[in-house]
Asker: 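Got a structure for you, written out below as structure tokens; questions coming shortly.
If you're wondering where the values come from, they're calculated on a predicted model, not measured in any experiment. A note on names: the letters A, B, ... follow the listed sequences, proteins ahead of strands, and every chain is numbered from 1.
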Protein chains: 2
Amino acid sequence: MDGRTGTAGTATVRRVTLTPGARRVLAAAERLFYDRGIHAVGVDTIAAEAGVTKKTLYDRFGSKDQLVVEYLAGRDDRWRAFLIGRIDTAPPEPAARIVAIFEASRDWTLANSAKGCSFVNAHAEIGPEHPAHTVITEEKRWILALCTRLAGEHFPGHGERLGRELMLLHEGSLVAYGLTIFPDALDLATDRARALLQTGNA
Amino acid sequence: MDGRTGTAGTATVRRVTLTPGARRVLAAAERLFYDRGIHAVGVDTIAAEAGVTKKTLYDRFGSKDQLVVEYLAGRDDRWRAFLIGRIDTAPPEPAARIVAIFEASRDWTLANSAKGCSFVNAHAEIGPEHPAHTVITEEKRWILALCTRLAGEHFPGHGERLGRELMLLHEGSLVAYGLTIFPDALDLATDRARALLQTGNA
DNA sequence: ACTTCGCTATACAGATCGGTATACTTAATT
DNA sequence: AATTAAGTATACCGATCTGTATAGCGAAGT
């Protein structure tokens, strides 16, 4: 996948050349931003964690804002690629693919999102004027569109409604897991999605 | 309700005397913290917005961390009082009371939470070591316990599972609304909750 | 051979951060 | 009449913030 224009890509193009130093900066930023929050982490900390000078960081990314964009766009890329891989290897029936979404989300979240959805968390810290804001909203619209399309194939005429209902379960499970409200949130959401697809409107 | 020990109260006690100045500080902090995020707002900004000197702010609250605690505890108090009022005036049947929760959440959110749940958003910014962390988790556990209890009265033996499923819908709707993924999230969650209570396990 | 690229090292700028100190005022309490 | 509480005004502290400047180094490309 070149930049962000592939099957899973968005309109946001990768603006930075990922030199070895830039890669380490991005890796450090992803960890620190997610764990501690965007505003709580300074560029000095990121540079130190990456074992890189601040000049390298600014030569590659130009600003902290842009680094935030790359942080979210990078997670977006990897998550979409992961999800698409799971969907492609799932049975072709739309219901099975929807279930595959929830199972992929569970596995991804267990491995990468102990504090919940990184996009939701970033949204809490930045306003609409921030260049990373569209990355957040587009990611959510993308999953919604995916759920809606598959739900429409499964239950023609009810794609819109079912897609949104699936999104409620999906986003709810990430919050419940991230805030440790209850432990089995990710599996519970999968169960509920399955039930929703069987009855259509129970 | 005295402090935070009433019907809707938690273990967190109000540690500050709410003098007129302190009230304006808290009002300004609530608005700024919610709109811009906790780390993005400085104490100077809050004091200026409240029309108060920084000394007054520190005389009343002692630290920014404590002000964050009061911010979240205050929202918690008002939201719980609002919700309990709605539940008390709803029909006594547990199903009707659960629906009342979702309708109350919708009305409260429309009036106070354009950017989604303030506790979820705060959780994105602070770690477990922050004194406000327990305010967040206790608020979520409280609603979960409330849903679980009512769901158990409605469907004996299935309170735990139904309560959690209701929480998925509730938290999901706040995210979907706060990130404007789709506009009717709050009403849709109410519909889904109603359906869930009718079939029990559809 | 010369230039460009990616990088280190260090120092610095101006602003803002959370928090404190000092001195004064005003109103209510005792 | 003396004290206390709640407040203003202002100045300051050291730390940290984002971002820039200067100088140099080694490897790769032309």
Side-chain angles (χ1 to χ4, degrees), chain A residues 14-72 74 122 124-127 129-133, chain B residues 14-72 74 122 124-127 129-133:
Chain A
R14 173 137 286 147
R15 296 172 186 84
V16 303
T17 26
L18 282 186
T19 61
R23 232 175 280 269
R24 303 212 314 276
V25 167
L26 194 50
E30 281 168 356
R31 229 212 61 217
L32 291 166
F33 282 156
Y34 183 78
D35 287 350
R36 305 187 199 170
I38 292 170
H39 284 124
V41 175
V43 287
D44 297 81
T45 308
I46 295 169
E49 173 100 356
V52 139
T53 352
K54 235 190 335 177
K55 184 170 183 298
T56 298
L57 188 154
Y58 276 96
D59 280 349
R60 294 302 124 209
F61 296 94
S63 69
K64 185 185 178 180
D65 278 0
Q66 185 59 34
L67 184 53
V68 173
V69 170
E70 298 300 328
Y71 152 58
L72 291 172
E125 293 204 71
I126 66 177
E129 75 289 344
H130 197 286
H133 193 263
Chain B
R14 172 136 287 147
R15 295 172 186 83
V16 302
T17 24
L18 282 186
T19 61
R23 233 175 279 268
R24 304 214 309 280
V25 167
L26 194 50
E30 281 168 354
R31 229 212 60 217
L32 292 166
F33 283 156
Y34 183 78
D35 287 350
R36 305 186 198 171
I38 292 169
H39 284 123
V41 175
V43 288
D44 298 81
T45 308
I46 295 170
E49 172 100 355
V52 140
T53 38
K54 235 185 344 172
K55 183 170 183 298
T56 299
L57 189 154
Y58 276 94
D59 279 349
R60 292 305 124 209
F61 296 93
S63 70
K64 185 185 177 180
D65 278 1
Q66 185 59 33
L67 184 53
V68 172
V69 170
E70 297 300 328
Y71 152 57
L72 290 172
E125 292 203 71
I126 66 176
E129 75 289 345
H130 196 287
H133 193 264

Asker: Atom CZ of Arg23(B) to atom C1' of dG7(D): distance rounded to whole Å?
Answerer: 15 Å
Asker: Would you kindly give the OH-to-P distance between Tyr58(B) and dG18(C), to the nearest whole Å?
Answerer: 6 Å
Asker: Report the distance from atom NZ of Lys54(B) to atom P of dC12(D), rounded to the nearest whole Å.
Answerer: 13 Å
Asker: Over how many whole Å does the gap from Ile46(A) atom CD1 to dT16(D) atom P extend?
Answerer: 16 Å
Asker: Just compare dA21(C), dA6(D), dT22(D) and give me whichever is closest to any side-chain atom of Lys55(B).
Answerer: dA21(C)
Asker: Under 6.0 Å from the CZ atom of Arg36(B), do we count more than 12 heavy atoms belonging to anything else shown?
Answerer: no
Asker: Of all the choices, dG6(C), dT8(D), dT20(C), which nucleotide is nearest to the side chain of Arg60(A) once you look at every atom?
Answerer: dG6(C)
Asker: Quick one: CD1 on Ile46(B) to NZ on Lys54(B), what's the gap to the nearest 0.5 Å?
Answerer: 11.0 Å
Asker: Walk me through it: do Phe33(A) and Leu72(A) pass the test side-chain contact (heavy atoms from CB on, under 4.5 Å)?
Answerer: CA-CA 10 Å; Phe33(A) 282 156; Leu72(A) 291 172; over 6 Å; no
Asker: In this structure, how many angstroms lie between the P atom of dG7(D) and the CG atom of Leu18(B), rounded?
Answerer: 10 Å
Asker: If you only use heavy atoms from C-beta on, which nucleotide in dG7(D), dT8(C), dG18(C) is closest to the side chain of Pro20(B)?
Answerer: dG7(D)
Asker: Quick one: does Glu49(B)'s side chain have a donor or acceptor within less than 3.5 Å of a partner on Ala28(B)'s backbone?
Answerer: no
Asker: Figure out the CG/P separation between Asp65(B) and dG18(C), and round it to whole Å.
Answerer: 10 Å
Asker: Is a side-chain donor or acceptor of Arg60(B) paired with a backbone partner of Val16(B) at a separation under 3.5 angstrom?
Answerer: no
Asker: Side chain of Lys64(A) only, heavy atoms from C-beta on: which candidate in dT22(C), dT18(D), dT8(C) is closest?
Answerer: dT18(D)
Asker: If you compare every side-chain N and O of Thr56(A) against the phosphate oxygens of dT8(C) (OP1, OP2), does one of them come in below 4.0 Å?
Answerer: yes
Asker: May I have the distance from Asp59(A) (atom CG) to dT22(D) (atom C1'), rounded to whole angstrom?
Answerer: 13 Å
Asker: Give the minimum heavy-atom separation between Lys64(B) and Ile38(B), together with the two atoms involved.
Answerer: NZ-O, 3.1 Å
Asker: Send over the distance from Phe61(B) CZ to dA6(D) C1', rounded to a whole Å.
Answerer: 13 Å
Asker: Only one of Val43(B), Leu67(B), Val25(B) clears side chain to side chain contact (heavy atoms under 4.5 Å, CB included) with Tyr58(B); which?
Answerer: Val43(B)
Asker: Ignoring the backbone of Thr53(A), work out which of dG18(C), dA9(C), dG19(D) is nearest its side chain.
Answerer: dA9(C)
Asker: Students often get this wrong, so: under 4.0 angstrom with heavy atoms, is Thr19(A) touching a base, only sugar-phosphate, or nothing?
Answerer: sugar-phosphate
Asker: For DNA chain C, which residues of residues 27-45 of chain B approach it to below 4.0 angstrom with any heavy atom?
Answerer: Val41(B), Gly42(B), Val43(B)
